[in-house]
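In what follows, a structure is listed as structure tokens, so that the remarks can point back to it.
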Protein chains: 2
Amino acid sequence: MQNKTYHHGDLRNALILEAIVMLHEKGIGGLSLRELARRLGVGHNAPYRHFKNKQQLLEAVAATGFRRLKAHNIRLELELADDPESQLFESGVAILNMAMEQPELFRLMFGGYLSLGKCGPELKEEAHASIESLVKIISLAQQQDIFARGDVMRQTLAAMSMVQGLAMMASSGMLRDNVTGDEQQFKRLALQVYDILLMGLKKR
Amino acid sequence: MQNKTYHHGDLRNALILEAIVMLHEKGIGGLSLRELARRLGVGHNAPYRHFKNKQQLLEAVAATGFRRLKAHNIRLELELADDPESQLFESGVAILNMAMEQPELFRLMFGGYLSLGKCGPELKEEAHASIESLVKIISLAQQQDIFARGDVMRQTLAAMSMVQGLAMMASSGMLRDNVTGDEQQFKRLALQVYDILLMGLKKR
DNA sequence: AGACCATGTGGACATTGCCCACATTATAAT
DNA sequence: ATTATAATGTGGGCAATGTCCACATGGTCT
């Protein structure tokens, strides 16, 4: 009946995955280490063998989120190798989708929950890699004379800010009231907002 | 010695103000109703006569934050009556400043902590007012042919997203590492990012 | 003066994060 | 193969917290 051994075997990953589920169900505030342990059928202290404290578990969850985005971006880089503009767009769409489909995970990643100055190296690396991939796309766009030449970091920051801000509004429902709640219409609006960003970035 | 009466007199406001202080010291997670009560020298249940639960207290705090921004915007509207471009810029600066000086309050307001769909009417009104004031500024800029004519909501959303995203990055230290930690340099970078937004908004 | 309602108090309970000592298993050294 | 050692899981315990309850206190209005 119970194929459960004393040692779980892969508890660390199981914790992260179940945490993502629980995050989605109950939000960041509702995620508790003890219930997490209960759900996985282990004692309330087992998680502490893999994470020093709750904060570290959350960091690992966030890092997993960034890793998923990175995986998506790598696929984009292959499929749209010489089209940086589409790459930028699609990676923005991915973030938007995450904000709509897994708002709590998105909030954990981009909501400033992890001051990133005090977080562990794993999360820091993933976050940096996330930025670096954007930098790469944008400098490619500059080289192809699609975007105006200039400080790459400036354009990167502009793109990140715009997408992140838009996604945050979307996930926190700050739009639902102004945009008649229609998801289709929201996507149209998001596209138009993205156009404004593009106009600011493109060569003229 | 103790000018303390049984009834505090203005506990509701005192709670909100002290909550803002405590927020700044300990972050959202570290804010507890009980310590709040302790700090104000009242019983651990007194707050419940003014707020149904912790969530409602946080909403009131966030609403207070929005009210402060609104007050600032009203002043700007008087001082820069016919200069919507400067109004937009300055109200953006105000948000940036809040993100740097009171990052936890900023996070509470813009970090999606309050899904705004399920929050009380007070916060909802303040948040909406905040958007409306931007709409006003931007339609003025369109009328003066400073910004390209078109859907006002689209431009409003673009401006909000950009500023909010930039502020979130700043407050969560996601820049500190890429921008050599120099505050002066960050402000310069922020200005450049803002220029990209303006290029997207302006008439050409 | 007395009734009523807002406000503040203390007690209680379940839950949680985290610490401790101990148990069980895997790994490696002899 | 046996045995030390590290990795992993278990239970107990503690202080803190959010929230519920009954009760106390003090204005307010008739």
Side-chain angles (χ1 to χ4, degrees), chain A residues 1-23 25-62 104 108 113-115 118-120 122, chain B residues 1-23 25-62 104 108 113-115 118-120 122:
Chain A
M1 172 102 67
Q2 37 186 351
N3 65 354
K4 173 183 174 289
T5 57
Y6 190 92
H7 280 71
H8 179 285
D10 192 24
L11 186 54
R12 197 190 135 95
N13 282 330
L15 281 168
I16 292 177
L17 292 184
E18 188 63 31
I20 292 180
V21 173
M22 198 168 161
L23 204 55
E25 292 173 7
K26 315 231 224 175
I28 298 181
L31 194 161
S32 91
L33 289 186
R34 286 176 109 110
E35 184 177 345
L36 212 48
R38 246 174 275 134
R39 290 187 181 204
L40 295 177
V42 300
H44 67 269
N45 265 320
Y48 284 88
R49 301 297 141 179
H50 300 272
F51 303 99
K52 196 178 124 236
N53 49 33
K54 188 176 177 179
Q55 184 70 22
Q56 281 212 354
L57 185 263
L58 290 179
E59 285 181 18
V61 170
E104 295 293 333
L108 177 64
Y113 204 89
L114 27 47
S115 49
K118 315 176 213 161
C119 75
E122 184 192 9
Chain B
M1 173 111 53
Q2 39 185 347
N3 65 354
K4 173 180 173 291
T5 55
Y6 190 91
H7 280 67
H8 180 284
D10 193 22
L11 185 55
R12 196 190 138 95
N13 282 330
L15 281 168
I16 292 178
L17 292 185
E18 188 64 30
I20 292 180
V21 173
M22 198 168 161
L23 203 55
E25 292 173 8
K26 316 232 223 175
I28 298 181
L31 193 161
S32 91
L33 289 185
R34 286 177 107 109
E35 184 177 344
L36 212 48
R38 246 175 277 134
R39 289 187 180 204
L40 296 177
V42 300
H44 68 269
N45 264 320
Y48 283 87
R49 301 296 142 181
H50 300 273
F51 303 99
K52 194 178 125 234
N53 50 32
K54 189 176 177 179
Q55 183 71 21
Q56 281 213 351
L57 186 263
L58 290 179
E59 286 182 17
V61 170
E104 294 293 333
L108 177 64
Y113 205 90
L114 27 47
S115 49
K118 314 176 211 158
C119 76
E122 183 193 9

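In the text below, chain A, chain B and the rest are named by the order of the sequence lines, each starting its count at 1.
Taking all atoms of both residues into account, the shortest heavy-atom contact from I28(A) to E104(A) is N-OE1, 3.4 Å. In plain terms, the two heavy atoms of F51(B) and R12(B) that are nearest each other are CE2-NH1, 3.5 Å. When all heavy atoms are compared, the tightest approach of L15(B) to P47(B) is CD1-CA, 3.8 Å. Closest non-hydrogen pair, A62(A) versus L108(A), comes out as N-CD2, 4.0 Å.
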Provide a list of protein-nucleic acid N or O atom pairs under 3.5 angstrom, restricted to nucleotides 13-15 of chain D.
| unit_1 | atom_1 | unit_2 | atom_2 | d |
| --- | --- | --- | --- | --- |
| dG13(D) | O6 | R34(A) | NH2 | 3.3 |

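A heavy atom lying under 4.0 Å from DNA chain D marks the following residues of residues 49-58 of chain B, by number: R49(B), N53(B), K54(B).
Atom CG in L40(A) sits roughly 11 Å away from atom P in dT10(D) (whole-Å rounding). The CE-P distance, from M22(B) to dA16(D), rounds to 13 Å in whole Å. In this entry the distance linking CG of L11(A) with P of dA26(C) reads 15 Å, nearest Å. The CG atom of D10(B) sits 13 Å away from the C1' atom of dT7(C) (whole-angstrom rounding). The interatomic distance linking L33(A) (CG) with dG9(D) (P) rounds to 14 Å, in whole Å.
Formation of a donor-acceptor pair under 3.5 Å by the E18(A) side chain with backbone atoms of L40(A) is not found in this model. Of the possible polar contacts, one joining the K54(A) side chain to the L31(A) backbone as a donor-acceptor pair under 3.5 Å is found.
R38(B) comes within 4.0 angstrom of the backbone, heavy atoms only, and of no base.
The side-chain heavy atoms of Q55(B) and K118(B), taken from C-beta on, include no pair separated by under 4.5 Å. A 4.5 Å side-chain heavy-atom check between R49(A) and L11(A) finds every atom pair outside the cut-off.
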